[in-house]
2 protein chains.
Amino acid sequence: MSRPRASNPTRKAGEHLTMADLAELAGVSAITVSRALRDSPLVNPETRQRIKELAERQGYQFNVSARNLRLRRSMTVAVVVEMKPTVERQMSGPYPLDLLGGISQELTSAGYSVLLTSLQGGALPSVQAADGVILLGQGAHEDAMHQVRRWGRPMVVWGAVSRHESQIVVGSDNQRGGKLAAERFLALGRRRPVFLGDDAHGEFAERLLGFRQALGAHGIEPLTPSVANFTVSAGAQAVHALLDQHPQFDALFAASDLLAIGAIRALIERGRRVPEDVSVIGYDDTPLGATYLPPLTSIHQNFVDAGVLLARKVLALIEGEPAASEILPTHLVARVT
Amino acid sequence: MSRPRASNPTRKAGEHLTMADLAELAGVSAITVSRALRDSPLVNPETRQRIKELAERQGYQFNVSARNLRLRRSMTVAVVVEMKPTVERQMSGPYPLDLLGGISQELTSAGYSVLLTSLQGGALPSVQAADGVILLGQGAHEDAMHQVRRWGRPMVVWGAVSRHESQIVVGSDNQRGGKLAAERFLALGRRRPVFLGDDAHGEFAERLLGFRQALGAHGIEPLTPSVANFTVSAGAQAVHALLDQHPQFDALFAASDLLAIGAIRALIERGRRVPEDVSVIGYDDTPLGATYLPPLTSIHQNFVDAGVLLARKVLALIEGEPAASEILPTHLVARVT
DNA sequence: TTGAAAGCGCTAACAA
DNA sequence: TTGTTAGCGCTTTCAA
């Protein structure tokens, strides 16, 4: 039984309208409607205009599923965030939002939509069906990466570039970040530096590497106490422990602003002055650090740019074009500490 | 021409396998495969098991578009974030991530996927085709809400509940947040309070309302200087200006932790002690505030819970069930300020 | 408990 | 420049 649609040109909101219906209303075929709505040059400009206006007037809603089925693509990119539901997230701070902003901006303007997902409880079919995947935060363990790779989709990872020659990774220049921190300490005449961070984490390991190399050229070897976590309290704890055993340090480079702030707190509690007795540098240049008292010197990375880059690379992979890992620049923002 | 697939039971990764193929391999019909994979009770348990194992072994990938086309739903919820690409975001702080976490968690376990999007440059068809929409941050202007409403999809908004009787809104109890702040000031014996925030913003207006009412019961009327923005520097600026004109206040309630921190900075720069001379309360209970020196007293809201609730309500609407606006509790976290 | 038929709405390929 | 045909892969009738 055919619907009485075409006989009723003014349709109510919520009515369901297809290209075939529009075709009938316009006195053309469905494929012409399809072409017109996609701005195909194959269709007469006037016809095209007429059809587009008709569609607009009739409140036509394009059916994405039908197109995707036909084209065998989902026009979708899954963004996998390592986001624990607990308070202490793996991805500390607000930066994932900037990353997401950049990604979303770029993918949207390319006509792709962003499927946000974590890896909790196995991925949905719709996620696995994405045309490409962006993995945010490989974390300390790289299970996430292996799991996602199994989906067999084009994939780009945000993280430590050096670790994965086989993967396309976008990351910022962590090694240079470490070097910049070292150079500042050297310029300030500091000779007993500490690195605070967990080098099981690829990005942190790179920061330590750059730090250590730059110091090594001056015959200096930093202390590297272990830290349990990436939180303020973990930073404070680690520094308290450190002060008990090696009270002699005069500079501290933390792998995140959170850790740095914890460290400063512990230092002050133990009567050390910042920056007079101990110079401190953080990482990520978060508002948290920038507004802290004393304002925290930190290594800046541009997450929005990073997001855009990640998006461009998945898109390239999806289109079958080549893409390579890329390292974004970092710079040091000098503040009071 | 039929594909030679069924004659080759071990298939390579990347090969394309349909239910019909599985059916042939299993010696059943496609519909039986469909039922088996959906755990339909209509299919013999043994057959079901056999088919599921076969699918697993063959690396079968379910085609979401086909199902969606057939079912006329997208199994997708669009989350619209008012997220400017600029540094100063509308949604301040890291909280949207928690909200997203809660939303994602709940929708995913219901089999829906999360389409993340901003409103930049008009929405994609796939976004408009979502089965439901969650709007995060109605902002000061409510254009976003009106625009999204035009899509004609079930919609739930995160924001100020009182403003929109016609919409389903989830928000936290901003009015009570304001009341709690007022009560703390009263208990501390403060008599000259200030509210710092822009009441064009619905949520802020509610906070001011609660604050003002509780104070009014004691015959006290707060000062309400205008603030240009939701940033640290805007907070500092506003307080500097305030000190010039009305230097006599002894308590300050800010509509966000960021503003509060800016305020504290300005106070200290002008020789006021916090909390001795001026008691300060922030909003959102961010790590930023909690780790500030002095640690900031703040009103806490649970964003993860809020996200879960938002998700449940769109799901209800999508299923045609009733749903109502809801207000989440807030509480005060007392710290040094 | 299983299957056959039909069709969701769109677009590539080919034809006119 | 426009149209016809066919089919993407799935699931809801309805029938056996």
Side-chain angles (χ1 to χ4, degrees), chain A residues 1-3 5-6 15-52 54-55 58-76 111 124-126 128-129 131, chain B residues 1-3 5-6 15-52 55 58-75 111 124-126 128-129 131:
Chain A
M1 181 173 47
S2 82
R3 295 159 298 173
R5 222 181 264 146
E15 257 281 5
H16 181 69
L17 205 61
T18 72
M19 283 190 181
D21 298 322
L22 287 179
E24 197 171 343
L25 288 170
V28 296
S29 71
I31 186 67
T32 299
V33 174
S34 170
R35 287 178 181 136
L37 295 182
R38 278 178 293 150
D39 287 322
S40 162
L42 284 175
V43 68
N44 183 310
E46 289 160 26
T47 316
R48 186 197 313 172
Q49 191 53 31
R50 190 164 55 89
I51 293 175
K52 292 183 90 165
L54 179 69
Q58 297 287 337
Y60 166 73
Q61 300 241 7
F62 181 79
N63 186 317
V64 183
S65 300
R67 180 200 53 187
N68 291 348
L69 174 58
R70 177 65 234 228
L71 297 181
R72 297 149 151 285
R73 1 181 21 184
S74 64
M75 293 303 282
T76 265
L124 248 41
S126 48
Q128 299 193 33
D131 293 333
Chain B
M1 181 172 48
S2 83
R3 294 157 299 172
R5 222 181 264 146
E15 256 280 6
H16 181 68
L17 204 62
T18 72
M19 284 191 179
D21 297 322
L22 287 179
E24 197 172 343
L25 287 170
V28 296
S29 72
I31 184 64
T32 300
V33 173
S34 170
R35 287 178 182 138
L37 295 182
R38 277 178 294 149
D39 288 323
S40 161
L42 284 175
V43 69
N44 183 309
E46 288 160 27
T47 316
R48 185 198 312 172
Q49 191 53 31
R50 190 162 56 87
I51 293 175
K52 293 184 92 165
Q58 297 285 338
Y60 166 72
Q61 300 240 7
F62 181 80
N63 187 318
V64 184
S65 301
R67 179 201 53 188
N68 290 348
L69 174 57
R70 180 64 239 234
L71 261 36
R72 295 151 154 286
R73 1 182 17 184
S74 65
M75 294 304 281
L124 249 40
S126 48
Q128 299 194 35
D131 293 332

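Each chain gets a letter, A, B and so on, in the order the sequences are listed, and its residues count up from 1. Any value given below was found using the heavy atoms of this structure, including those in side chains, with hydrogens, waters and symmetry copies removed.
Nucleotide D:dC10 holds its C1' atom 7 Å from the CZ atom of B:F62, rounded to whole Å. Nucleotide C:dG9 holds its P atom 17 Å from the CZ atom of A:R38, rounded to whole Å. The NE2 atom of A:H16 sits 8 Å away from the C1' atom of C:dC8 (whole-angstrom rounding). In this structure, CD of B:Q61 is placed 16 Å from C1' of D:dC8, rounded to the nearest angstrom. At whole-Å resolution of the value, CZ in B:R48 and C1' in C:dT1 are 12 Å apart. A:M19 has its CE atom 10 Å from the P atom of C:dA12, to the nearest Å. What separates CG of A:L17 from P of C:dC8 is a distance of 14 Å, to the nearest Å. One can place CG of B:L71 at 14 Å from C1' of D:dT13, the figure rounded to the nearest angstrom.
Residues passing the side chain to side chain contact (heavy atoms under 4.5 Å, CB included) test with A:L124, sequence neighbours excluded: A:S126, A:V127, B:T108, B:S113.
What you find for A:L37 and A:Y60 is that their closest heavy atoms are CD1-CE2, 3.6 Å. For the pair A:D21 and A:H16, the tightest heavy-atom approach, listed with the atom from each and the gap, is OD2-O, 4.0 Å. Summarising the geometry of B:A129 relative to A:V64, their closest heavy-atom pair is CB-CG2, 4.0 Å, with the distance given to 0.1 Å. Scanning both residues, B:A23 and B:A30, for their nearest heavy atoms gives CB-N, 3.5 Å. The two residues A:R67 and A:M75 make their nearest non-hydrogen contact at NH2-CG, 3.6 Å.
For D:dG7, neither phosphate oxygen OP1 nor OP2 lies less than 4.0 angstrom from any side-chain nitrogen or oxygen of A:R67. Between C:dT11 and A:S34, a contact under 4.0 Å exists linking OP1 or OP2 to a side-chain N or O. The shortest distance between the side-chain N/O atoms of A:R72 and the OP1/OP2 oxygens of C:dC10 is not below 4.0 Å.
B:S65 and B:N68 form no side-chain donor-acceptor contact under 3.5 Å, judged by distance and modelled atom types alone.
Between B:M19 atom CE and B:T32 atom OG1 the span is 11.0 Å, to the nearest 0.5 Å.
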Checklist entry - Hey, mind stepping through A:D39 and A:K52 against side-chain contact (heavy atoms from CB on, under 4.5 Å) and telling me if it holds? => result CA-CA 9 Å; A:D39 287 322; A:K52 292 183 90 165; 2.7 Å; yes
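Residues B:L69 and A:P41 each lie close to DNA chain D; by heavy-atom proximity, the contact nearer the 5' end of the strand is made by A:P41.
In this structure, of C:dC10, D:dC10, D:dT11, it is D:dC10 that holds the atom nearest to the side chain of B:Y60.
Taking a pair as Watson-Crick or G-U wobble with both distances under 3.5 Å, the runs of three or more consecutive pairs in DNA chain C are C:1-16 with D:1-16.
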For nucleotides 2-6 of chain C, tabulate all protein N/O to nucleotide N/O atom pairs closer than 3.5 Å, reporting atom names and distance.
unit_1, atom_1, unit_2, atom_2, d
C:dT2, OP1, B:T47, OG1, 3.2
C:dT2, OP2, B:N44, N, 2.7
C:dG3, OP2, B:S29, N, 3.0
C:dG3, OP2, B:S29, OG, 3.0
C:dG3, OP2, B:T32, OG1, 2.5
C:dG3, N7, B:R35, NH1, 3.2
C:dG3, O6, B:R35, NH2, 2.8

